[in-house]
Asker: 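Got a structure for you, questions after.
Remember, it's a predicted structure, so these values are computed and weren't measured experimentally.
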Amino acid sequence: MIATDNLELSLNELSIDDGLANANSNKIMKWNLPLKELYKFACGFYKEKSGKAIHLSYEDNLKLVAFTQQAAHGPLDLTKAPPLGMFDVIGKDRRIAWQQLGTITKLQAMEGFIDLLDRLCPLFKPYVEAIKKDKEEKARRAEQDQIQRTEAQAAEKERLEEQRRIEDEKNREELQRRQLQDALNQQTYHQFKEYAEIQFPGNPEQQAVLIRQLQNEHYHQYMQQLQAQVATNYARLKGDAETEGGENPATVGATGAGANELDELTNSTTKENSQFEFKEQCDSDNDSGDYAVISPANMWTKADIKLFKQEVMAGKGDGVIRVNHGDTVTVKVPTHEGGSCLFWEFATDSYDIGFGVYFEWGKPPTTEVSVHISESDEDDDTIEEDEEVICAEDLECGPVQSSQTSSTGSALGSRNPISIIIPIYRRECHQEVYAGSHSYPGEGTYLLKFDNSYSLWRPKTLYYKVFYTR
C-alpha cells in the first residue's frame, strides 16, 4: 500500500517534468507505441491492479517505485532530498533502491519499469495490446466519421447547388412565360376587350374579369398548339431518319434534334411577339402547291350554357341547327369590309360534336352567312361513336358529291386555297359553351365545320352565334 502511494507521488512529479522528456520520449518506440505513452499505461496498470489482479513482493514494489522516482527526477541527489525520520524504515529502503539505479537516464528508467512490470505480471502486455487495438479502432472510426462528414458536406453542397440550379431554371422559365404571356395579352387585348364589352355592356369590372380569363385560356391553348407542332416536327424527323438511314427512331441524334427544335421554336415565338404560323398546302387550279400562312385562333369556354341556349332560341343569336348522324354542317362566314376579327360561340344538347375552322382565300361571292350540310357516304361511315375524329383533309377541297350542295358548286369549283386554322376535334360542347376568335388574315371566307360524321345514329342539336368586330 505504501509502494502504491509513493508511485502516485512519482506520477505527479513526472507530470511536472513532462516538458523535458516529451521531445525524446516521443521519438523512442517500444511495442509499436511511444515510450512515454507506454510508460503511462504501465503506471496506470500498476496503480489499478496492484493488490487486486497482481500481488508483488516488497522488494519488487521497491524496485518499481525506484524506477518511477528515477524517471521523474533523475538520479538521487542526497543533498536535495528531505531528511527522513528515525523510524521511517520504508523511506530508507526506497532511497536505497533509488540510489542503486545509479545514473541511468529518465528514458532508461521508464523502459526499466516497463520491462520489470512485464516480467512480473504476464497480464500487462495483453492489457497494452487491448488498449492499442481500442485506440486503433477509435482512430479508424474517427477516420470513417471524417470521411462520412466530408461526403455528407459534399452531398449537401451538391444538393444546394442542384436546388439553386432548379430554382434559377424555374425563375428563368417563369420570366420567359411572363414575357410570352405579356406579348400574347398585348396582341389579343383589343379583340377580347370588344368581346367583353358585348358580353357585359357598361360593366368594366366584369369586362376586366372576362378579359383575364380569355387571356389565360388563350395562353394555354397557344402552348398546346406549340407543343403539338413540335411533336409533329419531331415525328417527321424520326420518319426521315428511318427512311434515309434506317436508324433507330430513339437514337440520341433524333432526340437532340427534337430538343433543339423545341428551343428554336420557343425562341422564335418570343422574338416575334408570339406570332405562331400554321402552313397547310392545298390544291389549286394549276396544282402549284402554294402554302397559306395564317395565325392561330383564340379559343375559350363559358360555363353559362343554359343562358346561351336561351339567348339563341330567343333570336339573339344566329340560330339552332339539327345535325343528323353522319352529317357535317359548314357555316360559311365571309370577311366583312368593316370588320377585323371574327367571333363564334356554340353549344349542343346532351352529346359532343366535332368542330374545326378553315379559311378559304379569295374574294367572297357574297357577304351573307350561309349554312351547308353534307352527308357522308354510308358505306364508309364505319367510325364508332367514341372514336377520335381525324381530319384527313378539307371536305371543301375536291369535287362536290352531294346533290344538297349543288348550290355551292360554283364556289367550290374555283378550288381556292384553304388553310386550316383549327383542326376538327370532338368538343365537349354539351357541358359548356365553346367560344373563339380569329383576326382576319385577309379577304376570304371562314368555314366553321360542325362534324357529326362519326356518329352512327345520334343527331345533335347545335346552338351557335357568329359575329365580327372592328
Asker: For Glu368, what residues pass the side chain to side chain donor-acceptor pair (under 3.5 Å) criterion, not counting sequence neighbours?
Answerer: none
Asker: Given side chains that start at C-beta, do those of Phe192 and Leu210 come closer than 4.5 Å, heavy atoms only?
Answerer: no
Asker: Salt bridge between Arg159 and Glu156, side-chain N to carboxylate O under 4.0 Å?
Answerer: yes
Asker: Can you tell me how far apart CZ (Arg212) and CG (Asn185) are? Round to the nearest 0.5 Å.
Answerer: 11.0 Å
Asker: Of all the heavy-atom pairs spanning Val466 and Trp344, show the shortest one and how long it is.
Answerer: CG1-CB, 4.0 Å
Asker: Under the salt bridge (charged side-chain N to carboxylate O under 4.0 Å, His left out) criterion, do Glu173 and Lys170 qualify, and how do the steps go?
Answerer: CA-CA 5 Å; Glu173 292 178 354; Lys170 287 182 178 179; over 6 Å; no
Asker: State the CD1-OG1 distance between Ile211 and Thr188, to the nearest 0.5 angstrom.
Answerer: 9.5 Å
Asker: Establish, yes or no, whether the cationic atom of Lys238 lies under 6.0 Å from the six-membered ring centre of Tyr234 and within 45° of the ring axis.
Answerer: yes
Asker: How close do Leu448 and Leu342 get, counting heavy atoms only, and between which atoms?
Answerer: CD1-CD2, 4.2 Å
Asker: For Glu217, what residues pass the side chain to side chain donor-acceptor pair (under 3.5 Å) criterion, not counting sequence neighbours?
Answerer: none
Asker: Would you please name every residue forming a salt bridge (Lys or Arg N to Asp or Glu O under 4.0 Å) with Glu111, sequence neighbours left out?
Answerer: Lys30
Asker: Excluding sequence neighbours, so at least two apart, what forms ring pair (Phe, Tyr, Trp, His ring centres under 6.0 Å) with Phe45?
Answerer: Phe124, Tyr127
Asker: May I have all residue pairs that pass salt bridge (Lys or Arg N to Asp or Glu O under 4.0 Å) and include part of residues 196-210, sequence neighbours excluded?
Answerer: Lys193-Glu197
Asker: Are Trp300 and His218 close enough that some pair of their side-chain heavy atoms sits under 4.5 Å apart?
Answerer: no
Asker: Distance check, rounded to the nearest 0.5 Å: Gln199 atom CD versus Glu345 atom CD?
Answerer: 5.0 Å
Asker: By ring pair (Phe, Tyr, Trp, His ring centres under 6.0 Å), which residues pair with Tyr468, not counting sequence neighbours?
Answerer: His336
Asker: CG/Asp168 to CD/Gln163 distance, rounded to the nearest 0.5 angstrom?
Answerer: 10.5 Å
Asker: With sequence neighbours left out, write down each residue that passes side chain to side chain donor-acceptor pair (under 3.5 Å) with Ser439, or none if nothing qualifies.
Answerer: Gln191
Asker: With a cut-off of under 6.0 Å to the ring centre and 45° to the axis, is Arg427 in cation-pi contact with Phe355?
Answerer: no
Asker: Tell me, please, which residues at least two apart from Arg149 pass salt bridge (Lys or Arg N to Asp or Glu O under 4.0 Å).
Answerer: none
Asker: Give the minimum heavy-atom separation between Ala71 and Tyr39, together with the two atoms involved.
Answerer: CB-OH, 3.7 Å
Asker: Of all residues at least two apart in sequence or in a different chain, which pass the ring pair (Phe, Tyr, Trp, His ring centres under 6.0 Å) check with Phe359?
Answerer: Trp361, Tyr446
Asker: Applying side-chain contact (heavy atoms from CB on, under 4.5 Å) to Asn233 and Gln229, what does each step give before you reach the verdict?
Answerer: CA-CA 6 Å; Asn233 294 340; Gln229 181 72 5; 3.9 Å; yes
Asker: Ignoring hydrogens, what is the shortest heavy-atom contact between Ile294 and Ile420? Give both atom names and the distance.
Answerer: CG2-O, 4.1 Å
Asker: Check this for me: Glu337, atom CD, are more than 12 non-hydrogen atoms of other residues, nucleotides or ligands nearer than 6.0 Å?
Answerer: no
Asker: Any donor-acceptor pair under 3.5 Å linking the side chain of Asn452 with the backbone of Asn324?
Answerer: yes
Asker: Would you compute the distance between atom OH of Tyr189 and atom CG of Leu184 and round it to the nearest 0.5 angstrom?
Answerer: 16.0 Å
Asker: Output all residues satisfying side chain to side chain donor-acceptor pair (under 3.5 Å) with Arg178, sequence neighbours left out; order by chain, then residue number.
Answerer: Glu174
Asker: Set out, in order, the CA-CA distance, both residues' side-chain angles and the distance that settles ring pair (Phe, Tyr, Trp, His ring centres under 6.0 Å) for Trp31 and Phe41, then state yes or no.
Answerer: CA-CA 12 Å; Trp31 295 357; Phe41 290 155; over 10 Å; no
Asker: Just wondering, do Ile198 and Phe343 contact through their side chains at under 4.5 Å, heavy atoms?
Answerer: no
Asker: Which atoms form the tightest heavy-atom contact between Ala42 and Ile114, and what is the distance?
Answerer: CB-CG1, 4.1 Å
Asker: Is there a side-chain contact (heavy atoms from CB on, under 4.5 Å) between Ile305 and Gln431? Walk through the geometry before answering.
Answerer: CA-CA 7 Å; Ile305 186 169; Gln431 298 178 353; over 6 Å; no
Asker: Out of His430, Lys309, Lys460, which one pairs with Asp349 under the side-chain hydrogen bond (donor to acceptor under 3.5 Å, both in side chains) rule?
Answerer: Lys309
Asker: Which residues pass the salt bridge (Lys or Arg N to Asp or Glu O under 4.0 Å) test with Lys363, not counting sequence neighbours?
Answerer: Glu443
Asker: Kindly compute the distance separating CZ (Phe450) from OG1 (Thr348), expressed to the nearest 0.5 Å.
Answerer: 10.0 Å
Asker: What heavy-atom pair brings Ser370 and His372 nearest, and what distance separates the two atoms?
Answerer: OG-NE2, 2.9 Å
Asker: Near Glu158 CD, under 6.0 Å, is it more than 12 heavy atoms from other residues, nucleotides or ligands?
Answerer: no
Asker: Is it the case that the side chain of Ser374 and the backbone of Thr328 share a donor-acceptor pair, with hydrogens and angles ignored and the cut-off at 3.5 Å?
Answerer: yes
Asker: Pairs in or reaching into residues 138-147: which pass salt bridge (Lys or Arg N to Asp or Glu O under 4.0 Å), with residues at least two apart or in two chains?
Answerer: Asp134-Lys138, Glu137-Arg140, Glu137-Arg141
Asker: Just by modelled atom types, is the Phe200 backbone N or O under 3.5 Å from a matching donor or acceptor in the Gln206 side chain?
Answerer: no
Asker: Under a 3.5 Å distance rule, please check whether Thr330 uses its side chain to pair with a backbone N or O of Lys449 as donor and acceptor.
Answerer: no
